[in-house]
Novice: 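Here you go, one structure.
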Amino acid sequence: MKTQRPEQELTWSWGYRPRSALDRVKAMAPPPPLAPSTPLLHGEFGSYPDRGPRFALTLTPQALHIQRLRPKPEARPRGGLVLLTEVSGCCTLRSRSPLDSAAYFCVYTYPRGRRGARRRAARTFRADGAATYEENRAEAQRWATALTCLLRGLPLPGDGEITPDLLPRPPRLLLLVNPFGGRGLAWQWCKNHVLPMISEAGLSFNLIQTERQNHARELVQGLNLSEWDGIVTVSGDGLLYEVLNGLLQRPDWEEAVKTPVGILPCGSGNALAGAVNRHGGFEPALGIDLLLNCSLLLCRGGSHPLDLLSVTLASGSRCFSFLSVAWGFVSDVDIQSERFRALGSARFTLGTVLGLATLHTYRGRFSYLPATVEPASPAPAHGLPRAKSELTLAPAPAPPVAHSPLHRSVSDLPLPLPQPALTSPGSPEPLPILSLNGGGPELAGDWGGAGDAPLSPDPLLPSPPGTPKAAQLSPISEGASEMAASSGLPPPTPGAPVSISAGGPPDHLLPPLGTPLPPGWVTMEGDFVLILAILPSHLGADLVAAPHARFDDGLVHLCWVRSGISRAALLRMFLAMERGTHFSLGCPYLGYAAAHAFRLEPLTPRGVLTVDGEQVEYGPLQAQVHPGLGTLLTGPPGCPGREA
């Protein structure tokens, strides 16, 4: 069983958290690609139960190849190719029978079924080529370690031995769940899908249910962030909005905002998850499929710089956006459909129909600082439309730990956490304690067969040398924290005052609201159906508003629709947005520009403004992009359409 040397370098991975700006740039750089067919490990395994066939396994950088050897080799193997993009994790097992000297290696996969939906499958292989259990265990651990390294982007040794010592401590994630998000299904989806998959991946977690608006914002302000490798929201986009703004309100915001954040979609608005899904190379998905795709990417580890938009409101207060600022049709639909929240994502469809029936126009003044570098477009053959008499820029072609949270929580750690009484009506029941490497009750059914001794987990990840046996983490509290590069943007405007903010970087491109704009800005005034400023590609899980946008392109993508567009044309535009082809329609009322900053001055006395889907005070506002200010857990990048 020969080991080939992969030419792979260490990238950002679970268990390694770069601190300096230079470390972050180096760590986020993709590793040199390996040849997809390079064999890394090859060996023969039995199956579980023992009376099953025998297999030849070959591990490559992209897949686990399975070939049946006995009783009869298959000419066309079924299920013989397990893509690593569909693997959540693996573990080693041992039989509870003292007479069984074999060790076992289990792989958890989520392949697509005939109808396209993902389904969970566990494949268990028997390492029995040696006479003693210790030798067989070493072989099973060698395969589990190699597969885990590939999943997490860790390097494999060239000529050295593959042992569990190569693996860092299990990453520690803080999961924040809005239990009533997504028609009230968020908790159920988290319990049935997210937590088992995270356990399969060997990730350590602590889960807290949010109980009210801004609860997540208060929680992250009191965290000792050095104890966590990432904060993941299990909800819609609104919970992540709270987390990011909470981090930027801390006294140590410059370091706090570097904390990797992730999102697992369990809400009605899942725009960022749609962009993460696209970045990972998966086909467009909704509901459970989108959740499973994003969970698979989270299990792989890997992050990406995330642009944030600082938005200054009429009152002078400032908030930070990772998604969008909307005025007109989009914000009207978002807020007015709140009363249909029980419908889940279908609320937006119903809201769109009602919005078209009562289509409004709004008069306003819209100004922006054009980008000096034009973004790349996925469809260079189709230029973007130019609104009449306007300038628009078209894009060119771990060790055990114990927490003491103050809130309802669940942990995978072996020490049970206190479960305070649930006082809210309809509060979900507490979860059973899950353990690493497949020890949870959800996984027990994978390792038992009629007439065969059941299997039990055999821990793969020992504590790294020098790690204390137990690490007591700080309590999670609310309130203030205990802790006290080049942006690629144009130089600051000479003499322009800087906006005052309690936290976050200064807006050096923006003069105060109400004062004249500096030279170089473009201004238009008129009647609009909608104005949308968006950072990532997606406005919703199935709406690709800016198909050429990237998480770290340093740009805010501005779209507007002038008055005069018919209801039918507006509907066609949103239908085309599901495929990201709305700019190819040639609609004369649709405009686009890429910018570094913008100012919006509504001249209509009544209307709705939203930031990341949250309604804010109505009146003039302005915003500036801060490139790469945050860090987003995205998983490894993929090639679009790789599932096709």
Side-chain angles (χ1 to χ4, degrees), residues 85 88 110 112 116-118 120 173-198 201 203 205 207 209-210 216 230-244 260-300 302-304 306 321-324 334 337 341-349 534-545 551 578 612-614 630 632-635 638 643:
T85 55
S88 62
Y110 290 80
R112 292 197 174 278
R118 292 198 183 277
R120 180 181 180 276
L173 298 181
L174 178 61
L175 305 183
L176 300 179
V177 182
N178 174 9
F180 303 108
R183 295 181 296 167
L185 296 176
W187 179 258
Q188 200 69 24
W189 285 10
C190 179
K191 182 173 66 172
N192 293 343
H193 302 286
V194 174
L195 298 188
M197 190 180 291
I198 288 178
L203 307 182
F205 68 89
L207 180 149
Q209 302 173 47
T210 59
I231 302 174
V232 179
T233 60
V234 187
S235 185
D237 295 314
L239 203 57
L240 185 59
Y241 173 82
E242 290 188 19
V243 168
L244 285 170
V261 297
I263 188 166
L264 296 179
C266 289
S268 52
N270 299 311
L272 187 62
V276 170
N277 183 72
R278 189 172 190 256
H279 176 268
F282 292 127
E283 293 294 322
L286 296 171
I288 291 290
D289 283 339
L290 179 61
L291 175 62
L292 293 179
N293 286 353
C294 291
S295 299
L296 282 171
L297 292 170
L298 177 69
C299 290
R300 298 285 301 274
S303 68
H304 207 84
L306 179 66
S321 163
F322 64 89
L323 184 58
S324 66
D334 203 352
S337 66
R341 182 169 286 274
L343 299 177
S345 60
R347 67 177 252 224
F348 298 113
T349 303
I534 189 166
L535 289 173
S537 56
H538 284 56
L539 180 61
D542 56 349
L543 287 178
V544 189
F551 293 124
E578 294 180 0
D612 291 359
E614 304 294 325
L632 180 65
L633 295 170
T634 60
E643 291 187 313

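Heads up: numbering here begins at 1 and tracks the sequence.
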Novice: Look up atom SG in C266 and atom CG in L290, then write down how far apart they are to the nearest 0.5 Å.
Specialist: 9.0 Å
Novice: Residues two or more places apart in sequence or in another chain: which of them pass side-chain contact (heavy atoms from CB on, under 4.5 Å) with S321?
Specialist: L309, V311, V611, D612
Novice: I need the minimum non-hydrogen distance between R300 and T85, along with the two atoms involved.
Specialist: NH1-CA, 3.8 Å
Novice: Are V194 and V232 side-chain neighbours, meaning at least one heavy-atom pair lies under 4.5 Å?
Specialist: no
Novice: Flag the pair L195 / L175 as yes when at least one side-chain heavy-atom distance between them is below 4.5 Å, and no otherwise.
Specialist: yes
Novice: How close do N178 and L239 get, heavy atom to heavy atom, and via which atoms?
Specialist: N-CD2, 3.9 Å
Novice: Heavy atoms, side chains only, cut-off 4.5 Å: are P260 and I231 in contact?
Specialist: no
Novice: I'd like to check the side chain to side chain donor-acceptor pair (under 3.5 Å) partners of D237; sequence neighbours left out, ordered by chain and number.
Specialist: none
Novice: To the nearest 0.5 angstrom, please state how far the CG atom of L539 sits from the CG atom of L272.
Specialist: 12.0 Å
Novice: To the nearest 0.5 angstrom, please state how far the CD1 atom of I263 sits from the CG atom of L176.
Specialist: 11.5 Å
Novice: Do you know which two heavy atoms are closest between E614 and G238, and how far apart they sit?
Specialist: OE2-CA, 3.7 Å
Novice: By side-chain contact (heavy atoms from CB on, under 4.5 Å), which residues pair with A275, not counting sequence neighbours?
Specialist: P536, S537, H538, F551
Novice: My understanding is that only residues two or more places apart in sequence, or in another chain, count here; which of them pass side chain to side chain donor-acceptor pair (under 3.5 Å) with S88?
Specialist: E200
Novice: Nearest 0.5 Å, what's the CG-OG distance between L264 and S295?
Specialist: 4.5 Å
Novice: Are any of the side-chain heavy atoms of W187 and L207 separated by less than 4.5 Å?
Specialist: yes
Novice: Can you tell me how far CG of L291 sits from CG of L185, rounded to the nearest 0.5 angstrom?
Specialist: 11.0 Å
Novice: Would you say that L297 contacts F282 through its side chain, given a criterion of any heavy-atom pair below 4.5 Å between the two side chains?
Specialist: yes
Novice: Say whether, by atom type as modelled, one donor and one acceptor occur between the side chain of N277 and the main chain of E283 under 3.5 angstrom.
Specialist: yes
Novice: Tell me the closest heavy-atom pair linking P196 and C190, and the distance in Å.
Specialist: CD-O, 4.2 Å
Novice: Report the distance from atom CG of L306 to atom CG of L535, rounding to the nearest 0.5 Å.
Specialist: 7.5 Å
Novice: If only atom types and distance count, is the side chain of S235 paired as donor or acceptor with the main-chain N or O of V177 below 3.5 Å?
Specialist: no
Novice: Under 4.5 Å between any side-chain heavy atoms of H304 and V276, yes or no?
Specialist: no
Novice: With sequence neighbours excluded, what pairs up with D289 under the side-chain contact (heavy atoms from CB on, under 4.5 Å) test?
Specialist: R112, A117, R118, A285
Novice: Write down the atom of F322, the atom of Y241, and the distance for their closest heavy-atom approach.
Specialist: CE2-N, 3.5 Å
